[in-house]
J.: 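Here it is, the structure in full.
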Amino acid sequence: MTRTRWAVVIPALAGTLLAAGTPAIAAPAGPALNSTGIPDRYALQTLNWHTCTPDELSGQTPPAGAEGIECATYLSPRDWSAPDQGIDVTIAVSRLKATGEATESTFVNPGGPGAPGRMFPARLRNQTRVREHQDIVGFDPRGTGKSTNITCGGAIGTGSDLDPRDRSRENLKLILDATEYAADSCQVKSGDLGPFINTRQTINDLDLLRVLLKRQKINWVGYSAGTWMGAHYAQAFPDRTGKFVLDSNTEFTTTWQKSFDWQPLGFERRWREDFLPWMASYDSLYHFGTTAEMARQTYEQVRYALTQNPVEVDGTKLSANALDSFIASELYNKRYFPELADYLVNVRNLTQGTASAQQQTALLDQVKAVTDAVGPQPLVVPTDYDDAYDASFWTIPCNEGPWFGNRNTAVRQSAQLGPQYPLLGWGWLIQPCIFWNNKPEPLPVLDGRGVPPVLMVQSTHDPATPIEGAERAHRAFKGSRMITVTGEGDHGIYAGGNAAVDKVVEDFLVDGVVPRDQTLPGMPLPDPTA
């Protein structure tokens with residue numbers, strides 16, 4: 001099973017593809033509306049629950065405790081503004097049944113935006129209190145996974161080996177041209193469906209799922225961009241909002257553009273204040289530098305060597321950009337730190353011509369395990385999903401505005417961010433939404449008014465969704481509560497091993513106890529010598 005690292009951001013096939021699986025049985029088309037306002041053609045479907053087949057999970061094997069995960073599909077209007085048109089999309093869902101009598105349903109979402117989540121109920125498989133009376137429900141959002149897909153035609157990643165630190169006019173133009181080409185390809189290849197891949201359409205898909213599950217309200221556990229989706233659902237449907245947990249928060253009360261622009265700071269802080277000091281403290285093992293700054297300078301030397309002579313391991317090219325992408329992908333969770341340290345040592349030895357055959361093999365395995373991240377938000381997904389997911393990752397934010405800027409502003413912004421946050425700041429040149437032709441849909445005001453209290457969980461050194469944005473969202477979203485996890489930088493805290501956090505979250509999810517704002521300690525960094 002491909003290891004999945006879920007986070008917050010990007011990037012499908014010519015035309016619209018229907019996901020594999022048998023759609024739910026729908027009532028005959030007609031104008032009839034039920035009390036929810038949803039046409040009966042959709043509201044009277046029956047979910048065809050069955051044990052998920054390997055194909056429905058793209059060959060992934062459910063982990064112990066989630067072996068009985070069930071799958072189903074249902075039909076949803078392509079456009080919720082005109083649901084009587086009879087043009088449908090298929091939505092793939094999953095369910096990890098309650099261990100006792102199910103009286104509630106908790107929807108889970110890994111973020112993205114647009115990341116497939118049919119396997120994601122497994123995240124809560126060991127949360128015994130929650131599972132006692134709650135079904136855990138996952139879904140692949142429209143556009144990705146086993147739901148109806150969009151595509152960029154494989155254009156995402158064009159020019160990915162072009163180094164944004166090379167500020168020559170020719171190189172900057174190549175990067176911008178590649179980004180514009182990929183953005184154009186996404187819109188052309190996704191066809192008529194592309195404009196309907198956005199948060200508003202998806203939360204209506206989810207409210208239909210609530211109806212099909214026969215629930216008056218739903219609960220929610222959303223991570224990363226799943227906090228954006230959860231907050232938007234709660235604001236749109238406050239009377240259908242149960243207990244909502246928003247973990248590792250985007251600044252969901254502002255625009256995607258403003259929220260994303262904090263990422264260079266977040267990743268640089270995690271890199272310099274958490275990972276590099278940790279690696280330096282084990283210099284007797286890694287020999288990469290006895291201080292954080294010495295270790296960073298070693299990285300800079302290795303990176304420079306790759307700009308002069310990109311290396312190839314068994315046909316896999318390793319560029320300076322690939323190095324930075326791998327580093328970013330490993331900063332989401334502290335348990336990846338030893339792997340990242342080994343990777344840096346192996347790359348250094350490779351550039352110096354001292355790598356052993358065993359180190360080359362280990363490096364190749366690591367390189368092949370990770371898809372190069374592209375654009376303003378690094379993210380890794382299972383390779384079976386990466387095309388449609390990449391398309392969704394770009395399309396959702398670009399379809400939701402406003403977005404400001406052009407080629408010149410992108411160059412200027414990256415020139416400002418690069419010296420401050422060199423790990424990712426120079427790469428803020430890659431901004432596909434400035435090339436989007438569709439007029440973005442206006443974002444609703446999210447202020448929490450009339451919404452039941454939501455519970456936010458946030459680590460202080462989260463790289464992908466920095467705490468500054470979470471704190472602003474907390475202040476702006478009326479009635480929200482926030483658990484701040486100190487001495488912690490993991491992206492995704494609940495159900496990740498922090499018992500103190502889990503207790504507060506589950507007192508809320510299970511018993512409805514709305515906590516006060518509070519701080520709780522994080523978990524220690526790993527010991528690679530243990």
Side-chain angles (χ1 to χ4, degrees), residues 3 5 7 163 165 266-314 316-373 378 380 421-424 459-464 487-491 496-497 522-530:
R3 185 173 70 193
R5 299 174 197 170
D163 186 1
R165 291 198 193 184
F267 278 94
E268 195 74 28
R269 178 166 54 203
R270 178 68 156 162
W271 168 239
R272 295 204 188 204
E273 297 185 23
D274 290 355
F275 176 78
L276 289 173
W278 171 87
M279 188 177 185
S281 71
Y282 292 100
D283 186 62
S284 60
L285 177 63
Y286 298 118
H287 309 293
F288 210 75
T290 56
T291 67
E293 181 56 23
M294 289 177 65
R296 193 184 70 83
Q297 290 299 329
T298 303
Y299 147 78
E300 288 288 350
Q301 294 165 13
V302 172
R303 192 189 191 284
Y304 177 76
L306 290 174
T307 66
Q308 301 305 297
N309 184 28
V311 298
E312 201 167 283
V313 182
D314 194 22
T316 299
K317 187 177 182 181
L318 179 60
S319 65
N321 272 6
L323 174 68
D324 292 345
S325 294
F326 190 91
I327 291 170
S329 74
E330 300 285 277
L331 295 177
Y332 285 101
N333 194 293
K334 67 177 75 67
R335 69 174 179 269
Y336 304 144
F337 281 15
E339 179 178 84
L340 176 54
D342 289 339
Y343 176 85
L344 291 171
V345 170
N346 291 341
V347 175
R348 179 196 61 191
N349 293 346
L350 195 65
T351 59
Q352 294 176 346
T354 60
S356 66
Q358 183 179 9
Q359 288 173 325
Q360 291 188 44
T361 299
L363 180 62
L364 176 63
D365 290 343
Q366 287 181 311
V367 170
K368 287 185 174 180
V370 177
T371 303
D372 285 352
V380 179
Y421 315 118
L423 183 65
L424 294 184
S459 68
T460 53
H461 281 190
D462 189 314
E488 181 63 80
D490 283 4
H491 183 73
M523 303 294 286
L525 295 175
D527 180 356
T529 66

J.: Looking only at heavy atoms, what is the nearest atom pair of Arg348 and Tyr286, with distance?
T.: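 Closest approach of Arg348 to Tyr286: NH2-O, 3.8 Å.
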J.: Nearest 0.5 angstrom please: Met279 CE to Thr298 OG1, how far?
T.: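 The CE atom of Met279 sits 8.0 Å away from the OG1 atom of Thr298.
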J.: Say whether, by atom type as modelled, one donor and one acceptor occur between the side chain of Trp278 and the main chain of Pro526 under 3.5 angstrom.
T.: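 Here the side-chain-to-backbone pair exists.
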J.: Please assess Tyr336 against Asp490 for the test side chain to side chain donor-acceptor pair (under 3.5 Å), listing each intermediate value before the final yes or no.
T.: CA-CA 10 Å; Tyr336 304 144; Asp490 283 4; over 6 Å; no
J.: Give a yes or no on whether the backbone of Leu424 and the side-chain of Glu268 come within a donor-acceptor separation of less than 3.5 Å.
T.: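 Between the backbone of Leu424 and the side chain of Glu268 there is no qualifying donor-acceptor contact (under 3.5 Å).
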J.: Determine whether Leu350 and Val302 make a side-chain contact, defined as any pair of heavy atoms from C-beta on separated by less than 4.5 Å.
T.: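 Answer no - side chains too far apart.
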J.: Is any side-chain N of the basic residue among Arg296 and Glu293 closer than 4.0 Å to the acidic one's carboxylate O?
T.: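 A salt bridge is present here (some side-chain N lies under 4.0 Å from a carboxylate O).
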J.: Look at the side chain of Glu488 and the backbone N and O of Met523, then say whether any donor-acceptor pair between them is shorter than 3.5 Å.
T.: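 Confirmed, Glu488 side chain pairs with Met523 backbone.
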J.: What pair of heavy atoms forms the shortest contact from Arg165 to Pro422, and how long is it?
T.: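 Closest heavy-atom pair between Arg165 and Pro422: NH2-O, 3.7 Å.
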J.: State the CG-CG distance between Leu306 and Asn321, to the nearest 0.5 angstrom.
T.: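 Those atoms lie 10.0 Å apart.
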J.: Quick check for you: to the nearest 0.5 Å, what is the distance between Tyr299 atom OH and Ile327 atom CD1?
T.: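 Interatomic distance, Tyr299 OH to Ile327 CD1, rounded to 0.5 Å: 5.0 Å.
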J.: Where is the tightest heavy-atom contact between Thr351 and Ala305, given as atom of each residue plus distance?
T.: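 Reported closest heavy-atom pair: CB-CB, 4.0 Å.
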J.: Could you pull out the closest heavy-atom pair between Asp283 and Phe288, with the gap in Å?
T.: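 Scanning both residues, the minimum pair turns out to be OD1-N, 2.9 Å.
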J.: Is the closest basic N to carboxylate O distance between Glu273 and Arg269 below 4.0 Å?
T.: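 Between Arg269 and Glu273 there is no salt bridge, as every charged N stays at least 4.0 Å from the carboxylate O atoms.
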J.: Let me confirm one number: the CD-CG distance from Glu339 to Asn333, rounded to the nearest 0.5 Å.
T.: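 If I round to the nearest 0.5 Å, the distance is 11.5 Å.
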J.: Count the heavy atoms of every other residue, nucleotide or ligand shown that sit under 6.0 Å from CD of Gln358, and state whether that count exceeds 12.
T.: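 Atom CD in Gln358 is not crowded, with 12 or fewer foreign heavy atoms closer than 6.0 Å.
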J.: Using side chain to side chain contact (heavy atoms under 4.5 Å, CB included), reason through Arg270 and His491 one step at a time and then give a plain yes or no.
T.: CA-CA 11 Å; Arg270 178 68 156 162; His491 183 73; over 6 Å; no
J.: State whether the side chain of Ser325 and the backbone N or O of Ala322 hold a donor-acceptor pair below 3.5 Å, judged by distance alone.
T.: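 Absent.
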J.: For residues Phe267 and Leu331, report the shortest heavy-atom separation together with the two atoms involved.
T.: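 So the minimum-distance heavy-atom pair works out to O-CD1, 3.9 Å.
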